[in-house]
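Letters A, B, ... are given to chains in the order of the sequence lines, protein chains preceding strands, and every chain is numbered from 1.
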Amino acid sequence: MPELPEVEVVRRGLADHVLDRTVARVDVGHLRSVRRHLPGPDDFAARLIGRRIHAARRRGKYLWLEFTDPGGSPDSPRGPAAGDDAVLAHLGMSGQMLVADPPRPDEAHLRVRITFDDDGPELRFVDQRTFGGLSVHPLADAAGGGLVPEPVAHIARDPMDPAFSPDDAVAALRRRRTEVKRALLDQTVVSGIGNIYADEALWRARLHGTRPTAALTRAQGRAVLDAAAEVMSEALAQGGTSFDALYVNVNGDSGYFDRSLNVYGQADRACRRCGTPIRRDPFMNRSSYTCPRCQPRPRTRRA
DNA sequence: AGACTGACCTGAACGC
DNA sequence: TGCGTTCAGGTCAGTC
C-alpha cells in the first residue's frame, strides 16, 4: 500500500511481529518481485537466511528491516553502520506485507515467503501488480542525513521524520520550476506524499495543483506542507486509507481514512467547505481532484 | 541539470 | 455472456 501512512501502518506491524526473530528460509515465487536485487533470487535468500531482525524502519514510502549486528553481542550492540545489509521493501501500487500462520492458504499473488526459525507466523510479500519488490542493500548515508539503504539515499526526509525541516522543504519546493502538485509528488523534494495526500493537502491549503511552484510564497509553501503532514497523521491515526482489500495492514485489515477524504475520489460530490461540486481532471495518466471554488486555477500565463 | 513522458503489471469496473 | 476500454494510491529510465 502506497503512501506514507499506509507504509507506516505496515512498518508498525512488522515491528510488532518480526523483531528479534531469525530467518530460516526464503521462497521467491516470482522473479519480478526481487528484480531490484541484481545478484538474483538465490543471493537474495542467502543474504537473509540466518540473520536476526533488529529493526523495522521507514523513510517516505520505503520500508526496510535491519539485522542484528553479526559481530556484536546482545550486551553490546554497536548499532547499524554504513555498509551493513538491510532488506528493502517497496510496496509499489499493490504490495502487501502479511504476517500469516503457516496453515493459512497462500494468497493468489504471494510473491515471497520468509519463514522464521521459531514456530511463529511467516512473513508473506503479496503483490498483484508486481510494481513493488524486495531487495538487499548496504546502508549508506542519505543526502538529507540518516542511514538508509543505498537506493533510498536520494530521497528527502518525510514530514513525519523527527529531523524533517519544514524550512528546507519549503525552499526545495520553491526551487523547482514546475507545478506544485508535481513537486509534492517528487520524492526528492519531500517524501511520502502520493496522489491521494497531495490532493488532500492542496485542498486544505486552498491551492490548485497547477500553480507554479516558483510563484508560491513561503507561507503558501509552508501551508501545503503543513497540511500534508496533518492529513497524513490523521490518516495514520485511522489505520490508513483504503478503497479495497488491496491496501491492508500486516493482519489484512483496512484503514478507515477513506471516510475522511475531502476531495480525493469525490468527483461531483459537494465540497465539505463550500458545497461546490468537486471536479476531477486528468493528471499524468491519473486524476486530480479539486474544489473549483476553494482552489481556483491559477491565471494562465500569457505567451 | 532539471522536467517530463512512457513503460512496467494485473484485475476490477464499466460500456456496448 | 463476452469483449474491449479505462482506471488504479508508484517509480524509474530515457529523452528533451
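Look at A:Ser94 and you won't find any side-chain N or O under 4.0 angstrom from OP1 or OP2 of C:dG9. Within the 4.0 Å cut-off from OP1 or OP2 of B:dT10, not a single side-chain nitrogen or oxygen of A:Thr130 is found. For B:dC9, neither phosphate oxygen OP1 nor OP2 lies less than 4.0 angstrom from any side-chain nitrogen or oxygen of A:His109. Phosphate contact (OP1/OP2 of B:dT10, side-chain N/O of A:Arg32, threshold under 4.0 Å): absent. Contact between the side-chain N/O atoms of A:Tyr264 and the OP1/OP2 oxygens of C:dG9 is found at a separation under 4.0 Å. Contact check, A:Gln187 against C:dG10: no side-chain N or O comes under 4.0 Å of OP1 or OP2. Residue A:Arg286 places none of its side-chain N or O atoms closer than 4.0 Å to OP1 or OP2 of C:dC7.
What separates CE of A:Met93 from C1' of C:dC12 is a distance of 14 Å, to the nearest Å. Here the P atom of nucleotide C:dG10 and the NZ atom of A:Lys61 are 4 Å apart, to the nearest Å. Taking atom CZ on A:Arg177 and atom P on C:dC16, their separation rounds to 24 Å, with Å as the unit. Here B:dG2 presents its C1' atom at 13 Å from CZ of A:Arg175, a figure rounded to the nearest Å. Rounded to whole Å, atom C1' of C:dC7 lies 10 Å from atom CG of A:Asn285. Remark: C1' of C:dA8 and CD of A:Glu3 are 12 Å apart, rounded to the nearest angstrom. Rounded to an integer number of Å, the gap from A:Leu4 CG to C:dG10 P is 11 Å. For A:Asp281 and C:dT6, the CG to P distance is 18 Å, given to the nearest whole Å.
In this structure, B:dC9 makes no Watson-Crick or G-U wobble pair, since no nucleotide meets both defining distances under 3.5 angstrom. The partner of C:dG9, taking Watson-Crick or G-U wobble pairs whose two distances both stay under 3.5 Å, does not exist in any strand shown.
Across C:dA13 and B:dC9, the matching P atoms stand 15 Å from one another, rounded to whole Å. If you take atom P in B:dG6 and the same atom in C:dT6, they sit 15 Å apart, rounded to whole Å. The P atoms of B:dA13 and C:dG9 are separated by 16 Å, rounded to the nearest whole Å.
With contacts defined as side-chain heavy-atom distances shorter than 4.5 Å, the pair A:Leu139/A:Trp64 qualifies.
Residue A:Asn195 has its side chain nearest to C:dG10 when only C:dG10, B:dA3, B:dC4 are considered.
Judged by distance alone, the side chains of A:Asp167 and A:Ser165 never bring a donor and an acceptor atom under 3.5 Å apart. Residues A:Thr130 and A:Arg32 bring a donor and an acceptor atom of their side chains to less than 3.5 Å of each other. Checked by atom type, the side-chain pair A:Ser288/A:Asp281 shows no donor-acceptor distance below 3.5 Å.
Residue whose closest nucleotide on DNA chain B sits further toward the 5' end, between A:Arg182 and A:His30: A:Arg182. If you find the closest nucleotide of DNA chain B to A:Phe131 and to A:Glu179, the one lying nearer the 5' end belongs to A:Glu179.
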Practice problem: Evaluate side chain to side chain contact (heavy atoms under 4.5 Å, CB included) for A:Arg21 paired with A:Asp118, printing each intermediate quantity in order. | Solution: CA-CA 8 Å; A:Arg21 300 179 67 198; A:Asp118 46 39; 2.7 Å; yes

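Across all strands, A:Asp186 comes closer than 4.0 Å to no nucleic acid atom at all (heavy-atom distances). Using a 4.0 Å heavy-atom cutoff across all strands shown, A:Arg111 reaches no nucleic acid atom at all.
The aromatic rings of A:Phe257 and A:Tyr197 sit tilted relative to each other, their planes meeting at an angle between 30° and 60°.
Remark: the A:Arg129 side chain and the C:dA8 base include a donor-acceptor N/O pair separated by less than 3.5 Å.
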